[in-house]
**Student:** 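Quick one: the structure is below, questions incoming.
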Amino acid sequence: QVQLVESGGGLVQAGGSLRLSCVVSGRTFGSNAMAWFRQAPGKERELVAAIEWPAGNTYYADSVKGRFTISRDNAKNTMYLQMNSLKPEDTAVHYCAASTFKGLQIGRGAYDYWGQGTQVTVSS
């Protein structure tokens, strides 16, 4: 059974930083696409960042470019999202996702496996 477990969320002041982790168990996604999504109250789930392997190409939503960094450690079957210069509008439940497709995937429908989410709250 495939499981994705996020951690690292919490409450932080505007301008602060958080690092999210996503540990995958049950299978490896060595060359498959992975991504972070988020969903704020009353809004649709949106893509934050995506990464492919082994080329390491990445994609970022315009709203997080220059502030967030996605990375992965395949040896640990773990993906990360370093979030700096956080803003109140970053407040949302953040989800990690894994795809059975290879390459860089930016469509929500490309992702088959999801974590339970971790809450990120940024106070002003």
**Student:** I need the M83 CE to R38 CZ distance, nearest 0.5 Å.
**Tutor:** 9.0 Å

**Student:** How close do A110 and Q105 get, heavy atom to heavy atom, and via which atoms?
**Tutor:** CB-OE1, 3.7 Å

**Student:** Measure across V64 and V48 and return the closest heavy-atom pair with its distance rounded to 0.1 Å.
**Tutor:** CG2-O, 3.6 Å

**Student:** Please evaluate residues L47 and Y59 with respect to the criterion side chain to side chain contact (heavy atoms under 4.5 Å, CB included), reporting the C-alpha separation (whole Å), side-chain torsions for both, the decisive distance (0.1 Å), and the verdict.
**Tutor:** CA-CA 9 Å; L47 177 66; Y59 168 90; 3.4 Å; yes

**Student:** Any chain of hydrophobic side-chain contacts (each under 4.5 Å) joining V24 to Y80?
**Tutor:** no

**Student:** Should Y60 and I70 count as side-chain neighbours, where that means a heavy-atom distance under 4.5 Å?
**Tutor:** yes

**Student:** Can you tell me how far CD of E52 sits from CZ of R72, rounded to the nearest 0.5 angstrom?
**Tutor:** 9.0 Å

**Student:** Start with the C-alpha gap between R27 and N77, add the side-chain angles, then the distance that decides, and say whether side chain to side chain contact (heavy atoms under 4.5 Å, CB included) holds.
**Tutor:** CA-CA 9 Å; R27 64 164 284 179; N77 232 18; over 6 Å; no

**Student:** Tell me whether Y111 shares a hydrophobic cluster with F68, the cluster being built from Ile, Leu, Val, Met, Phe, Trp, Tyr side chains joined at under 4.5 Å.
**Tutor:** no

**Student:** Determine, using the 4.5 Å side-chain heavy-atom cutoff (strictly less than), whether V23 and W36 are members of one ILVMFWY cluster.
**Tutor:** no

**Student:** Please round to the nearest 0.5 Å and tell me the distance separating atom NE2 of H94 and atom SG of C22.
**Tutor:** 13.0 Å

**Student:** Spell out, yes or no, whether F37 and L18 are grouped together once hydrophobic residues are joined by side-chain heavy atoms under 4.5 Å, including indirect joins.
**Tutor:** no

**Student:** Do you know the tightest heavy-atom contact between A14 and S124?
**Tutor:** CB-CA, 4.4 Å

**Student:** Same cluster or not: M34 versus V5, using hydrophobic residues (I, L, V, M, F, W, Y) connected whenever any side-chain heavy atoms lie under 4.5 Å apart?
**Tutor:** no

**Student:** Using only heavy-atom distances, determine whether the side chains of S99 and N32 contain a donor-acceptor pair under 3.5 Å.
**Tutor:** no

**Student:** When you look at D62 and K65, which way does the salt bridge (Lys or Arg N to Asp or Glu O under 4.0 Å) test go after all the steps?
**Tutor:** CA-CA 5 Å; D62 287 344; K65 278 181 184 176; 3.2 Å; yes

**Student:** Could you check L81 against T69 for side chain to side chain contact (heavy atoms under 4.5 Å, CB included), going step by step and ending with a plain yes or no?
**Tutor:** CA-CA 6 Å; L81 185 67; T69 303; over 6 Å; no

**Student:** If I compare all heavy atoms of K102 with all of S31, which pair ends up nearest, and what's the gap?
**Tutor:** NZ-OG, 2.7 Å

**Student:** Would a 4.5 Å heavy-atom cut-off, applied to side chains only, mark L20 and V120 as touching?
**Tutor:** yes

**Student:** Is it true that T78 and D73 share a donor-acceptor pair across their side chains at a distance under 3.5 Å?
**Tutor:** no

**Student:** Establish, yes or no, whether a centroid distance under 6.0 Å links the rings of F29 and Y113.
**Tutor:** yes

**Student:** Would you mind reporting whether Q116 and E6 have side-chain heavy atoms less than 4.5 Å apart?
**Tutor:** yes

**Student:** Can you measure from CD (Q1) to OG (S25) and round to the nearest 0.5 angstrom?
**Tutor:** 8.0 Å

**Student:** How long is the gap from CG on N74 to CE on M79, to the nearest 0.5 Å?
**Tutor:** 11.0 Å

**Student:** Report yes or no: do E89 and T91 form a side-chain donor-acceptor pair below 3.5 Å?
**Tutor:** no

**Student:** Is the closest side-chain heavy-atom distance between Q39 and Y95 below 4.5 Å?
**Tutor:** yes

**Student:** Compare every heavy atom of N84 with every heavy atom of S17, then report the nearest pair and how far apart it is.
**Tutor:** OG-OD1, 2.9 Å

